[in-house]
Amino acid sequence: MKADIILFNGKIHSFATINKTARAVAIKDGKFIAVGSDAEILAYSQPDTKLIDLHQKRVVPGINDSHIHLIRGGLNYNLELRWDGVPSLADAMRMLKEQVDRTPSPQWVRVVGGWSEFQFAERRMPTLDEINAIAPETPVFILHLYDRAFLNRAALKVIGFTKDTPAPQGGVIQKDAKGEPTGLIIASPNAMILYSTLAKGPKLSYEHQINSTRHYMKELNRFGITSVIDAGGGFQNYPDDYKVVNELNEKKQLTVRIAYNLFTQRPKQEFEDFDEWIQEVKLYQGDDMYRHNGAGEMLVFSAADFEDFLQPRPDLPEHMEAELEKVIRLLVANRWPFRLHATYNESITRFLNVFEKVNKEIPFNDLPWIFDHAETIDDRNIERVKALGGGIAIQSRMAYQGEYFTERYGAKAAENTPPIQKMLDMQIPVGGGSDATRVSSYNPWVSMYWLTAGKTVGGLQLYNESRLSRDTALQLYTRGSAWFSQEQNKKGDIQTGMLADLVVLDRDYFTVEEEDIKNIESVLTVVNGKIVYAKGDFSSFSPPSIPILPDWSPTNIYNGYYHAESHNKSAIDIKLQKSNSAINNAAQQIHCCSGSCDVHAHDHNAARMSNIPVNNYNAFWGALGCSCFAF
């Protein structure tokens, strides 16, 4: 058998003992057909085999985020200014000002999660006065975790918040001494006020949503993410909001594998939602690139124990058990895997009471099910999860909220939040994830820094004895996550016969300094045996670029997660744009017509600023022979 592509002269990291000294891999038809030494693997080459010299770069299995909101994130990515990784509030506010200046009416400027005040050198959030000074007319919405959102006066006006606007249950609209809304809305602790307010903003057109999703996947590929499990989300409706990813899959344009769970959107009608979907959706329908994965993470709204550690732990309503039991019975009877958002041990105890009751009458019998988050789960409840055959999907939320948790519950409690090592010791399936984009960033290397260094993005030392080895942390984000879509036998490692997903890293994860882990990026990402992302020495293998739509998108300038080099270039580009704008304005004053020609469909100003003879401002006939002034 001959290979389609061979990568050689690398440091291949496989969890399989047989492949510990591997230096090369051979790929054919989207799968690894051989892993071994350079000599062994180069024997699989033929004249048309693509050969890639890895130059001793570290290669790891493709990263798999077992809890992310890719589908919703993709629909909105090109609308959002990302503060992920930005080192100072001054930088963040400069970016905000620049984006306000380029955003057309009636669009908003939105910063939607992925940041913490503690990542900033100033170690604080922006103030409403600062935001209003930057954006007096353009609506601005800034989401901080699932804790609060800042709305400037322009946003309050378009949303319609007034002194008479009531806050929804579990939410707060802060008001001043005169009863007028200040622009701060708070989850107390129910995040529905944040969801619903953000949902009032303008949306991208379908064409632009396609483009936005492709660029979001490229951004994930930038960090080596090759697979995700989409956990649904608020205001993410099935099937309407899934049309984009479905079309991209049909056109073979997905660059990240997606397994998706279905998330109920109707309080008090959750049973009806799942009953309808069970009739319409075949379990695991789809293919290796895009497939169904069960129910959740929201099963019933009464079971939502939001994780805002700035607020006291919520007490779930007394009727929660009855509502949850009804849905769990339906799912287990129809053998539908499920996942459930579960932050606090007190909630988990009550959830497990329901599961054990159902199990006595309708046995789970190895049905895969998942608790998401489980920050404060105790030893007894971990044992109960194991007895019922469940898994626990952990996320890097403590990397962004660790300071708040420590302030409320103490450093001793934070040391084992979540108790990952205990889960692993008890042989519970554990998968790594981010819960991006609104709570945490999608950057998996920040997550692995959190797990191995034991620190938050603000540098707080959360863990000492409970820190994980680098190999174990990587396993959670590869082989571990594969269990959560029941694909552990086909992906998650670099082994013969497995799906060919891998990442070539720009620095060696296993040897770099601790603080440098969070700066790791991919230089070559392979999904299904195809190169989906390449840069640096491998840029010649990069797929063709696609434009970013709309052209005013923050993604056009900042490209997602903060990178100092690209941001410095952006600052220079912005200065050049301002300089060119001044020149263009002068040209338009000299020649009164501006914009596009309705007769000839060329752009007047582009023609005037060109190098050909049409740029004689006083005699605009030029080489194009345009007499537009007559019209």
Enter the distance from [X]:[atom1] to [Y]:[atom2] here, rounded to the nearest 0.5 Å.
X: S188; Y: R148; atom1: OG; atom2: CZ; value: 10.5 Å
X: H144; Y: D308; atom1: NE2; atom2: CG; value: 9.5 Å
X: R313; Y: D305; atom1: CZ; atom2: CG; value: 9.0 Å
X: L502; Y: D493; atom1: CG; atom2: CG; value: 11.5 Å
X: L283; Y: L331; atom1: CG; atom2: CG; value: 10.5 Å
X: I27; Y: I494; atom1: CD1; atom2: CD1; value: 8.5 Å

[X]: ring-ring contact (aromatic ring centres under 6.0 Å, His included) partners, not counting sequence neighbours:
X: F405; answer: F309, Y409
X: H208; answer: none
X: H13; answer: F15, F510
X: Y284; answer: none

Could I get the full list of side-chain hydrogen bond (donor to acceptor under 3.5 Å, both in side chains) partners for [X], not counting sequence neighbours?
X: D29; answer: none
X: K268; answer: H319, E323
X: K357; answer: E325
X: T376; answer: none

Please determine, by modelled atom types, if [X] and [Y] share a side-chain donor-acceptor pair under 3.5 angstrom.
X: S466; Y: E415; result: yes
X: H69; Y: D435; result: yes
X: S485; Y: N293; result: no
X: Q475; Y: D471; result: yes
X: R291; Y: N249; result: no
X: E247; Y: Y206; result: yes
X: S522; Y: N221; result: no
X: Y463; Y: W450; result: yes

Any non-hydrogen side-chain atom of [X] less than 4.5 Å from a side-chain atom of [Y]?
X: V439; Y: Q401; result: yes
X: I420; Y: L451; result: yes
X: L324; Y: R350; result: no
X: D84; Y: N443; result: no
X: K491; Y: R257; result: yes
X: Q236; Y: D230; result: yes
X: K243; Y: Q209; result: no
X: L340; Y: F355; result: yes

What residues, two or more places apart in sequence or in another chain, satisfy side-chain contact (heavy atoms from CB on, under 4.5 Å) together with I546?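 So I546 forms a side-chain contact (heavy atoms from CB on, under 4.5 Å) with N211, R214, H215.
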Residues forming a side-chain contact (heavy atoms from CB on, under 4.5 Å) with S481, sequence neighbours excluded: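 Only N64, S66 meet the side-chain contact (heavy atoms from CB on, under 4.5 Å) criterion with S481.
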Please determine whether side chain to side chain contact (heavy atoms under 4.5 Å, CB included) holds for the pair W483 and I370, giving the CA-CA distance in whole Å, both sets of side-chain angles, and the decisive distance to 0.1 Å. CA-CA 10 Å; W483 182 89; I370 304 160; 4.3 Å; yes
[X] and [Y]: which non-hydrogen atoms are nearest, and at how many Å?
X: M192; Y: F235; result: SD-CE1, 4.0 Å
X: A187; Y: A191; result: CB-CA, 3.8 Å
X: K455; Y: Y449; result: CD-OH, 3.2 Å
X: S434; Y: D65; result: OG-OD2, 2.6 Å
X: D147; Y: L194; result: N-CD1, 3.9 Å

Aromatic ring proximity Y146/Y195, centre distance under 6.0 Å: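 Yes, ring centres under 6.0 Å apart.
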Dump the intermediate steps for side chain to side chain donor-acceptor pair (under 3.5 Å) on E297 and H67, then the final yes or no. CA-CA 9 Å; E297 67 179 294; H67 183 122; 3.0 Å; yes
A quick test of your reading: do over 12 heavy atoms of other residues, nucleotides or ligands sit less than 6.0 Å from NZ of K218?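 Open: at most 12 neighbouring heavy atoms sit under 6.0 Å from NZ of K218.
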Is it the case that atom CG in D240 sees more than 12 heavy atoms from other parts of the structure closer than 6.0 Å?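 Count over threshold, so yes.
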Tell me whether the rings of W369 and F338 are parallel (<30°), tilted (30 to 60°) or perpendicular (>60°).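 Parallel, since the angle between the ring planes stays under 30°.
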Among pairs that include at least one residue of residues 69-79, which meet salt bridge (charged side-chain N to carboxylate O under 4.0 Å, His left out), considering only residues two or more places apart or in two chains?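 Sorted pair list comes back empty.
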Does the pair D288 and N528 meet the rule for a side chain to side chain donor-acceptor pair (under 3.5 Å), with working shown? CA-CA 9 Å; D288 287 336; N528 203 36; over 6 Å; no
Between E272 and R266 (salt bridge meaning N to carboxylate O under 4.0 Å), is one present in this structure?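 R266 and E272: not salt-bridged.
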Look at K386 together with E383 and state whether they make a salt bridge at an N to O cut-off of under 4.0 Å.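 No, no charged N to carboxylate O under 4.0 Å.
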Mark yes or no for whether Y533, through its side chain, and V526, through its backbone, hold a donor-acceptor pair below 3.5 Å.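 Pair absent, no side-chain N/O of Y533 close to backbone of V526.
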Can any side-chain N or O of R470 pair as donor or acceptor with the backbone N or O of Y509 at less than 3.5 Å?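 Yes, R470 side chain to Y509 backbone: donor-acceptor pair under 3.5 Å.
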Looking at Y242, W336, W277, which hits ring pair (Phe, Tyr, Trp, His ring centres under 6.0 Å) with H292?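 When Y242, W336, W277 are each tested with H292, the ring pair (Phe, Tyr, Trp, His ring centres under 6.0 Å) holds only for W336.
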Would you sort out whether Y238 and F263 count as a ring pair (Phe, Tyr, Trp, His ring centres under 6.0 Å), showing the intermediate values? CA-CA 8 Å; Y238 183 86; F263 180 117; over 10 Å; no
Partners of E270 by salt bridge (charged side-chain N to carboxylate O under 4.0 Å, His left out), sequence neighbours excluded?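 E270 satisfies salt bridge (charged side-chain N to carboxylate O under 4.0 Å, His left out) with no other residue.
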With side chain to side chain contact (heavy atoms under 4.5 Å, CB included) as the criterion, how do L145 and Y404 come out once you've worked through the C-alpha distance, each side chain's angles and the decisive distance to 0.1 Å? CA-CA 12 Å; L145 309 174; Y404 301 137; 3.8 Å; yes
